[in-house]
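Read the structure below first, then the notes.
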Amino acid sequence: MSDSVVTRVATLVDEYLLIWVLLSVGVGLAVPSVAVLTPLSTPILAVMIGAISLTLAPERFRQLRSPVLLTILVVQTGMPLLAFAIARTFSLSPALTAGFVVLGAVTPELVTPTMTELSGGDTALATVILVVVGFGTLVFVPGVVTVLLGASVAVDPLLIVEQLLLAVVLPMSLAVGFRYRWPDRIGQYDDLYPSVSGLMVILIIGIVAAANASLVRNGGAVLLLVTLGAVVLNCTGYATGWLVGWNFTRGERIAATLSVGMRDFAVAAALLVGAGFPTAATLPAVVFGIIEVTTSAGLAKWFSRPR
């Protein structure tokens, strides 16, 4: 494939990401058999993180400001409280309430660094937040669920550790190492790496939508309330991240906005299933995932517009 063809494909992915995401969701819901690709989710996520991490020269991590990182981490701890308040406001069932609480407590979405890069934000900051919050989740999720729901929920920490290691830590470490070892060779393709990650976003949302197609179709009247709750959680997270970053640089503020507003719906759904909750408990995660990927693509378009 010639360079010009690759460039045109990359441009199509970047310029029309929101449209591709919506089409991917539509295909996933209309063709549930796409869910057969679910075992490929982790490799797809690894490619997504690895591609965007190739843009991270080591000096970018050394430029991170500790107060900025700490502020964002503190704000992250408030997301399960917001999720719990939303569930109570809409008088959702205990299972759906648990679904919202776990959704608020998990890590930022694994695609957050990708969307941050596409938005022109601080990708190194978004990546470090993802990893730090990810390992903190081992203690944070069961603690929050116990306090807010009044009962201990068995969460398998190996599930989170495995996903983080395979889909985040390993590809990120390898990519940064490659960038350090061959800076010129790796750096000449910097314009293409975000496009590769964007393509992975399109693939993963289609697979997730397909895997949960029947759950979405059979949601009934409660689906509307769950959708409204997911919109409130997502948009309030974005707004909070943006407001607490009033004295950040623009890149840091974009990273804060996306890191707080985007939640890892796939991990949340997996934890709920592993904890023995009924399938309905995963509905908030599924609906949130569709909304989040759509809104984040829209934000990426908005943030990257010429100023």
Side-chain angles (χ1 to χ4, degrees), residues 1-17 20-21 40-65 69 107-135 162-205 207 249-252 254-256 258-259 262 264 266 293 296-297 299-301 303-304:
M1 188 178 293
S2 67
D3 290 344
S4 61
V5 173
V6 171
T7 300
R8 286 199 295 269
V9 171
T11 300
L12 284 175
V13 172
D14 295 345
E15 293 294 324
Y16 302 101
L17 182 61
W20 296 128
V21 166
L40 297 178
S41 296
T42 297
I44 289 173
L45 291 173
V47 172
M48 182 189 309
I49 294 297
I52 208 64
S53 296
L54 286 172
T55 67
L56 301 178
E59 56 268 19
R60 292 183 64 178
F61 289 97
R62 292 193 289 268
Q63 295 170 356
L64 295 181
R65 296 193 296 162
L69 179 60
T107 67
E109 175 56 56
L110 290 179
V111 303
T112 302
T114 298
M115 304 313 296
T116 300
E117 180 71 19
L118 293 174
S119 301
D122 191 330
T123 311
L125 176 60
T127 303
V128 170
I129 292 169
L130 175 62
V131 175
V132 172
V133 175
F135 284 108
E162 180 181 5
Q163 186 172 20
L164 280 169
L165 288 176
L166 295 178
V168 181
V169 178
L170 181 58
M172 182 185 70
S173 300
L174 289 174
V176 173
F178 291 155
R179 180 72 186 228
Y180 178 78
R181 179 64 180 83
W182 300 288
D184 294 334
R185 187 178 303 177
I186 298 296
Q188 64 181 320
Y189 300 109
D190 275 353
D191 291 341
L192 297 179
Y193 299 138
S195 303
V196 173
S197 285
L199 181 59
M200 297 302 106
V201 172
I202 296 167
L203 291 175
I204 198 67
I205 189 60
I207 293 172
T249 66
R250 178 175 173 80
E252 292 169 341
I254 290 173
L258 296 175
S259 294
M262 299 179 71
D264 196 325
V293 177
S296 63
L299 276 179
K301 183 78 171 178
F303 283 137
S304 62

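All heavy atoms count here, side chains included; hydrogens, waters and symmetry mates do not.
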Should we count CG of Asp190 as having more than 12 external heavy atoms under 6.0 Å?
yes
Could you tell me whether the side chain of Leu69 reaches within less than 4.5 Å of the side chain of Leu64, counting heavy atoms only?
no
May I ask you to test the Thr112-Leu130 pair for a side-chain heavy-atom distance under 4.5 Å?
no
Ser296 OG to Leu118 CG distance, which is reported to the nearest 0.5 Å
9.0 Å
Run the side chain to side chain contact (heavy atoms under 4.5 Å, CB included) test against Arg181 and tell me which residues pass, sequence neighbours left out.
none
Got a sec, which residues hit side chain to side chain contact (heavy atoms under 4.5 Å, CB included) with Ala256, two or more places apart in sequence or on another chain?
Ile72, Phe248
Can you tell me how far apart OG1 (Thr107) and CG (Asp264) are? Round to the nearest 0.5 Å.
4.0 Å
Sidechain-backbone polar pair: Trp20 side chain, Leu12 backbone, donor-acceptor under 3.5 Å
yes
Contacts of Ser119 meeting side chain to side chain contact (heavy atoms under 4.5 Å, CB included) (sequence neighbours excluded), chain-then-number -> Ile254, Leu258, Ala300, Phe303
Would you say the side chain of Thr114 lies within less than 4.5 Å of the side chain of Glu117, judging by non-hydrogen atoms?
no
For residues Thr127 and Thr116, determine if any side-chain heavy atom of one lies less than 4.5 Å from a side-chain heavy atom of the other.
no
Heavy-atom closest pair (Met48 atom, Ser197 atom, distance to 0.1 Å) is O-OG, 2.6 Å
Who pairs with Ser304 by side-chain hydrogen bond (donor to acceptor under 3.5 Å, both in side chains), at least two apart in sequence or on another chain?
none
How far does OG1 of Thr11 sit from CG of Leu192, to the nearest 0.5 angstrom?
9.0 Å
Min side-chain heavy-atom separation Ser195-Val9 under 4.5 Å
no
Closest non-hydrogen atom pair, Leu40 against Pro43:
O-CD, 3.1 Å
Once ring-ring contact (aromatic ring centres under 6.0 Å, His included) is applied, what residue pairs with a partner in residues 182-205 remain, sequence neighbours excluded?
Phe178-Trp182
For Arg65, enumerate each residue passing the side-chain hydrogen bond (donor to acceptor under 3.5 Å, both in side chains) test, keeping only those at least two apart in sequence or located in another chain.
Glu252
